[in-house]
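Some notes on the structure that comes next.
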Amino acid sequence: MSENNCNCEGCVHVEQFKSITKSYDGIENEVTETVVDNDERTVEVKLKPQQYVSKYAFPNRGDKAVLYMDTTENRSYRWDEITGTYICIGADYNQIKIINGGNANG
């Protein structure tokens, strides 16, 4: 059965861009930035990190597709859907005091 004769429910047909007929620079809001390259005929949506003065200022429920930044502690977090909590995924390496290597040499 060819793609054009698909009789299944929920089929998604994707066609290549023929052309972009309007010059469009893109849009930006609190969460996303949309970049359109008219020469390449491409559209790209980028999620922007969300910056807050503290992790305590984060939304009660996060979005798993967004990185949350605590600018005071200089740490980045992701939202974990399973536990319903923010998980620290990055910190300023200058703040690390001890690295426990476990029994690496033993």
Side-chain angles (χ1 to χ4, degrees):
M1 185 177 297
S2 73
E3 288 182 42
N4 294 335
N5 296 329
C6 181
N7 293 324
C8 65
E9 265 187 57
C11 286
V12 176
H13 300 283
V14 179
E15 294 183 23
Q16 185 178 10
F17 276 119
K18 301 288 186 214
S19 66
I20 295 178
T21 57
K22 180 180 177 184
S23 179
Y24 184 74
D25 293 327
I27 60 171
E28 188 170 338
N29 61 33
E30 291 179 355
V31 179
T32 63
E33 175 185 7
T34 303
V35 180
V36 177
D37 186 336
N38 288 309
D39 294 330
E40 295 294 325
R41 295 187 175 112
T42 60
V43 178
E44 180 181 3
V45 178
K46 299 178 184 178
L47 289 171
K48 297 190 313 189
Q50 300 297 295
Q51 296 187 13
Y52 296 87
V53 71
S54 164
K55 68 180 178 183
Y56 302 108
F58 292 174
N60 288 337
R61 294 198 54 79
D63 182 330
K64 65 182 180 180
V66 175
L67 289 179
Y68 296 88
M69 308 295 288
D70 177 337
T71 57
T72 302
E73 295 291 325
N74 200 21
R75 295 174 183 247
S76 55
Y77 294 81
R78 70 173 179 83
W79 175 254
D80 187 305
E81 290 284 328
I82 295 169
T83 63
T85 60
Y86 290 97
I87 307 291
C88 182
I89 58 171
D92 183 351
Y93 70 90
N94 290 315
Q95 296 174 339
I96 298 173
K97 304 291 186 236
I98 297 173
I99 298 176
N100 183 352
N103 295 325
N105 293 325

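Source: prediction; values computed, not measured. Numbering of residues begins at 1 and proceeds along the displayed sequence.
By the salt bridge (Lys or Arg N to Asp or Glu O under 4.0 Å) test, Arg75 is found to be paired with no residue, residues two or more places apart in sequence or in another chain being considered. For Thr85, the side-chain hydrogen bond (donor to acceptor under 3.5 Å, both in side chains) partners are Thr83, not counting sequence neighbours. A search for side-chain hydrogen bond (donor to acceptor under 3.5 Å, both in side chains) contacts involving Glu81 returns Trp79, not counting sequence neighbours.
Checking side-chain atoms of Thr72 against main-chain N and O of Val53 turns up a donor-acceptor pair under 3.5 Å. Checked by atom type and distance alone, the side chain of Tyr52 never pairs as donor or acceptor with a backbone atom of Pro59 at under 3.5 Å.
Cluster note: Leu67 groups with Ile89 through ILVMFWY side-chain heavy atoms spaced under 4.5 Å, whether in direct contact or through intervening members.
Here the CG-CZ distance, from Asp70 to Phe58, works out to 5.5 Å after rounding to the nearest 0.5 Å. Note that CE of Met69 and OH of Tyr77 are 10.5 Å apart. Values are rounded to the nearest 0.5 Å.
Annotation: side chain of Tyr86 is not in contact with side chain of Lys55 (no heavy-atom distance under 4.5 Å).
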